[in-house]
Amino acid sequence: MSVATGGAVEVVRTEPALREAIGRARRGGSRIALVPTMGALHEGHLRLVDRARERADFVVVSIFVNPLQFGPSEDLDRYPRTLDRDLALLEERDVHLVFCPDVEVMYPPGAGAVAVVPERGADTLCGASRPGHFRGVLTVVAKLFGLVAPDVAVFGRKDFQQAELIRAMVRDLNMPVVIDVAPVVRDGGGLALSSRNRYLSAGERETALAIPRSLEACARAFLAGERSVPRLRDIVHRGLERAGVRVEYVEIVDPGTLDAAEVAHVGSVCAVAGRVGSTRLIDNVVLGGMLDTDGGDVEPVG
Ligand code: PAF
């Protein structure tokens with residue numbers, strides 16, 4: 001089934017319709033980029049789309065809230081779903097094809113005999129409090145790669161652990177796709193854009209600004225010569241706790257392995273997760289530089 005939106009973007013909901021549209025693009029000689037999303041699109045997603053357009057002739061965006069990556073007590077049911085608005089935004093950005101399958105299309109009855117299970121790097125950071133999350137992410141991303149067969153797939157670095165595990169999957173399973181990871185997009189206050197930011201009240205958003213500020217303080221301390229992991233983590237911890245962010249983790253890790261760094265070095269990543277009210281937020285900074293600044297002037301929404 002293919003759905004007309006009144007503009008240039010083609011919307012498909014089934015595997016045969018997707019394969020047909022991809023086949024047409026391939027026969028026309030197009031290089032294909034995929035931007036996987038769960039919808040509730042914000043400027044961060046749209047920057048991924050722009051990046052995909054620079055790297056390919058034919059841009060596919062998938063919109064699918066993947067139940068497999070949500071734990072039983074997580075926000076699957078209340079995860080924002082804004083399909084009409086998402087399609088309008090993608091049309092403005094000249095996306096060629098949107099794949100928005102129902103759950104039964106991605107996980108038909110009888111499916112589930114095989115999943116992609118990460119062997120390393122999935123039980124630290126976000127994985128420590130979200131068991132099975134990255135199994136769900138890798139499984140759906142592998143399925144999307146199987147369906148779309150993109151030349152390149154674009155992900156955001158806000159989800160740093162996710163991006164590293166996807167790179168590892170592609171490497172270890174010899175998947176013929178280039179993984180491109182884009183900088184974090186922030187609003188004017190520095191808060192990393194996330195679909196979950198819309199849950200924050202104005203006061204909670206103020207509190208949440210402690211996350212980029214504490215990461216920035218850590219990055220500055222590193223640039224000033226601090227290499228002690230406990231002291232750098234402490235800078236972030238104290239900044240978050242003072243503001244009222246409930247810290248889930250503050251870790252400094254080596255990006256390739258996601259192992260805790262013994263000593264911080266250029267390229268180590270300081271990653272945090274914390275709760276403001278009931279909203280869980282994540283962010284990170286690569287030491288040796290400052291916070292990503294891509295999008296410092298975007299609206300503080302979404
Ligand atoms: O980052 C996300 O939005 C999701 O984890 C992804 C990659 C689309 C898989 O469902």
Side-chain angles (χ1 to χ4, degrees), residues 36-38 40 44 64-80 115-141 155-169 181 184 191-201 204-205 207-215 218 229-230 232-261 268-286:
T37 80
M38 298 206 299
F64 179 61
V65 182
N66 173 33
L68 215 59
Q69 68 189 74
F70 287 78
S73 58
E74 293 183 355
D75 59 347
L76 173 62
D77 291 337
R78 79 166 185 140
Y79 196 84
V116 180
V117 182
E119 296 286 354
R120 272 200 310 265
D123 47 12
T124 57
L125 305 176
C126 292
S129 66
R130 305 188 73 188
H133 171 67
F134 290 111
R135 169 185 181 274
V137 170
L138 295 187
T139 300
V140 81
V141 171
F155 296 87
R157 227 217 37 241
K158 179 176 74 65
D159 297 295
F160 152 73
Q161 185 176 17
Q162 165 173 288
E164 289 302 315
L165 289 168
I166 290 169
R167 278 196 225 270
M169 172 179 78
V181 179
V184 183
L191 186 64
L193 297 196
S194 160
S195 302
R196 291 185 170 100
N197 290 359
R198 70 189 64 207
Y199 300 149
L200 298 171
S201 67
E204 288 174 339
R205 184 179 169 277
T207 303
L209 293 180
I211 297 175
R213 286 179 188 150
S214 306
L215 287 173
C218 174
V229 167
L232 289 167
R233 287 176 64 205
D234 199 45
I235 290 171
V236 182
H237 247 286
R238 277 190 281 117
L240 296 177
E241 276 163 5
R242 237 190 340 257
V245 177
R246 296 200 310 285
V247 178
E248 186 181 296
Y249 65 75
V250 176
E251 298 289 352
I252 297 181
V253 299
D254 294 321
T257 59
L258 298 174
D259 289 341
S268 300
V269 175
C270 180
V272 308
R275 279 186 192 270
V276 178
S278 60
T279 306
R280 185 176 182 278
L281 299 169
I282 60 173
D283 199 351
N284 64 84
V285 66
V286 182

For Asn284 and Arg157: C-alpha separation, side-chain torsions, deciding distance, then whether side chain to side chain donor-acceptor pair (under 3.5 Å) applies.
CA-CA 8 Å; Asn284 64 84; Arg157 227 217 37 241; 2.9 Å; yes
Under 3.5 Å: donor-acceptor pair, side chain of Asp259, backbone of Asp254
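No, Asp259 side chain to Asp254 backbone: no donor-acceptor pair under 3.5 Å.
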Please answer whether the main-chain N or O of Ala128 pairs with a side-chain N or O of Glu248 as donor and acceptor at a distance below 3.5 Å.
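No; zero donor-acceptor contacts below 3.5 Å.
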Would you give the length of the straight line joining atom [atom1] of [X] to atom [atom2] of [Y], rounded to the nearest 0.5 angstrom?
{"X": "Leu68", "Y": "Arg135", "atom1": "CG", "atom2": "CZ", "value": "5.5 Å"}
{"X": "Arg233", "Y": "Ile252", "atom1": "CZ", "atom2": "CD1", "value": "7.5 Å"}
{"X": "Phe134", "Y": "Met169", "atom1": "CZ", "atom2": "CE", "value": "12.5 Å"}

Going by side-chain contact (heavy atoms from CB on, under 4.5 Å), Val116 matches just one of Leu138, Leu165, Val137, Ile166. Which one?
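Of the listed residues Leu138, Leu165, Val137, Ile166, the side-chain contact (heavy atoms from CB on, under 4.5 Å) partner of Val116 is Leu138.
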Going by the side-chain contact (heavy atoms from CB on, under 4.5 Å) test, name the single residue among Val272, Val245, Ile211 that passes it with Leu281.
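Result for side-chain contact (heavy atoms from CB on, under 4.5 Å) with Leu281: Ile211.
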Please find the pair of heavy atoms, one from [X] and one from [Y], that lie closest to each other, and give the distance.
{"X": "Ala163", "Y": "Val181", "value": "CB-CG2, 3.9 Å"}
{"X": "Ala40", "Y": "Arg198", "value": "O-NH2, 3.4 Å"}
{"X": "Ser278", "Y": "Arg78", "value": "OG-NH2, 3.6 Å"}

Should the heavy atoms of other residues, nucleotides or ligands under 6.0 Å from CZ of Arg246 be counted, would the total exceed 12?
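Above 12, so yes.
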Decide yes or no for Val236 and Cys270: does some side-chain heavy atom of the first lie under 4.5 Å from some side-chain heavy atom of the second?
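With C-beta onward as the side chain, the pair touches.
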